[in-house]
Amino acid sequence: MSLPSDFLWGFATAAYQIEGAAEADGRGPSIWDTFSAIPGKIADGSSGAVACDSYNRTKEDIDLLKSLGAKAYRFSIAWTRIIPLGGRNDPINQKGIDHYVKFVDDLLEAGITPFITLFHWDLPDGLDKRYGGLLNRTEFPLDFENYARVMFKAIPKCKHWITFNEPWCSAILGYNSGYFAPGHTSDRSRSAVGDSAREPWLVGHNLLVAHGRAVKVYREEFKPTDKGEIGITLNGDATLPWDPEDPEDVEACDRKIEFAISWFADPIYFGKYPDSMIKQLGDRLPTFTEEERALVQGSNDFYGMNHYTANYIKHKTGVPPEDDFLGNLETLFYNKAGDCIGPETQSFWLRPHAQGFRDLLNWLSKRYGQPKIYVTENGTSLKGENDMSLEQILEDDFRVKYFDDYVHAMAKAFSEDGVNVRGYLAWSLMDNFEWAEGYETRFGVTYVDYVNDQKRYPKKSAKAMKPLFESLIKKD
Ligand code: PNW
């Protein structure tokens, strides 16, 4: 079992989750600033206004990465720092650009390869107010294209670009459950703005087209000289049948992955939506115009894979349209025989099951013709971590085991199954604003003391990463 000698490993974060400094240097508000301010939306009533204060601690963060031996770092750019109002005719904020240019210079100086995510959910609020943000099929892709071009031009030294992080989350959690910004949902108990049955599919479509536009710009205007690569990051859980004897449960396992991953990956690799989605959603799923299809098909230089957990899948029949985003099935942590998929964590949706990672890597590789894969997120929260003493927190054996199991599963996928996985970014470099869960759920390999000056303390899992990868990566 091994990984190739040029394998890139490191850690990942996202702007709104770590930067803080919400008012600094001309930053504009994003939909997450607006959403966090609404009482009841964030578990602990918090926001990303201060977070880990990483905007002001770039040196400290780079020193941390260096001390952990990281070869790569994935972070996102806050669009609101670059174009505070968001649009293609709105003013550009040079101070925001300068910040990220310097950050990349400093990373490279430290020998760390940057992976930049252009959009990790913090849409400029101005665009949401002006034309409905991600719902706008004509304006949004053009404004994203413009912002992407500004960044490609500013940072030619970055060789790994990710357009969107987890469009599934923006579409479903933002426009179906309302659990994420901008909080659209038809659920009357959760404020009932928007149309959960239709909006998510339009948002997904618009994100795909915006991705395609940015990729076209990169390939035509920058890639020939900069020689970098660009792709999208998709989230997806592994699936196992609730009853392995029931062909409908077995079939539902693929359908679940299609509704999470193939929703985006099929148009990107094949130029069309999966049949299972067309069948279930009918005319609620937009159809590609010829121009849109041409933009989207073939638009990945690599596949960015975010992966955390697995579920047992039980098929269903006849669900109402507002509840069908999973693909007419139930996701469970127990199977028919009563086996449990994995131990509890602090996140209701996450239970470790490393074999699922290997299986899903194989599933992706087979369906999409062995694309180059970067694992752009993988990690876990830990049950009750927020209530432990610092001493206990720093001994996070549960997380050490999670990474050990998952990274070994990935190394087997590479060396025994022939999956072309070339990089791995653990989520996350440090504890941070865990969206609707606030600060009580911690995903960091580094503990952040939010009460005492955001001080960072690497946990055992942070220090375990270098020896883990060194034991697997082949020497030249
Ligand atoms: C990812 N779910 O999000 C994100 O890319 C990160 O920003 C985030 O901090 C990390 O995973 C840990 O949650 C997800 O509810 C958030 O299924 C929620 C879900 C999945 C992924």
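In each ligand, atom 1 is the first atom listed, and ligand 1 is the first ligand listed. Numbering of residues begins at 1 and proceeds along the displayed sequence.
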Exercise for the section: Report yes if some N/O of N235 lies less than 3.5 Å from some N/O of ligand 1; otherwise report no. Expected result: no
Exercise for the section: Determine, for D397 against K460, whether the closest basic-nitrogen to carboxylate-oxygen distance falls under 4.0 angstrom. Expected result: yes
Exercise for the section: Could you check if a side-chain atom of R255 sits within less than 4.5 angstrom of a side-chain atom of T239, using non-hydrogen atoms only? Expected result: no
Practice task
Determine whether the side chain, the backbone, both or neither of Y179 has a heavy atom under 4.0 Å from any heavy atom of ligand 1.
Solution key: neither
Handout entry: Element-labelled atoms of ligand 1 that are located less than 4.0 Å from some non-hydrogen atom of E434
Key = 8 (C), 9 (O), 12 (C), 13 (O)
Exercise for the section: Decide whether T233 and N306 meet the rule of one side-chain donor and one side-chain acceptor closer than 3.5 Å. Expected result: no
Problem - From F180, W349, Y308 - option closest to atom 19 (C) of ligand 1 by heavy atom - result: W349
Fill in the blank from the handout: Ranked by distance from atom 21 (C) of ligand 1, the top protein heavy atom is E166 OE1, 3.5 Å
Handout entry: Side-chain donor-acceptor pair present, D61, S54, cut-off under 3.5 Å
Key = yes
Completion exercise
Nearest non-hydrogen protein atom to atom 4 (C) of ligand 1, with distance, is E377 OE1, 3.3 Å
Exercise for the section: Taking the six-membered ring for Trp and the full ring for Phe, Tyr or His, determine whether the centres of F164 and F144 are under 6.0 Å apart. Expected result: yes
Exercise for the section: Before signing off on this row, confirm whether W121 and ligand 1 have an N or O atom pair separated by under 3.5 Å. Expected result: no
Exercise for the section: Using a strict cut-off of 4.0 Å, indicate which atoms of ligand 1 neighbour a heavy atom of N165. Expected result: 5 (O)
Completion exercise
From the list Y406, Y424, Y308, side-chain hydrogen bond (donor to acceptor under 3.5 Å, both in side chains) partner of N378 resolves to Y424
Handout entry: Which segment of N432 sits under 4.0 Å of ligand 1 when only heavy atoms are counted
Key = neither
Handout entry: Side chain to side chain, T185 and S196, heavy atoms closer than 4.5 Å
Key = yes
Practice task
Any atoms of ligand 1 less than 4.0 Å from a non-hydrogen atom of H120? List them with their elements.
Solution key: 4 (C), 5 (O), 6 (C), 7 (O)
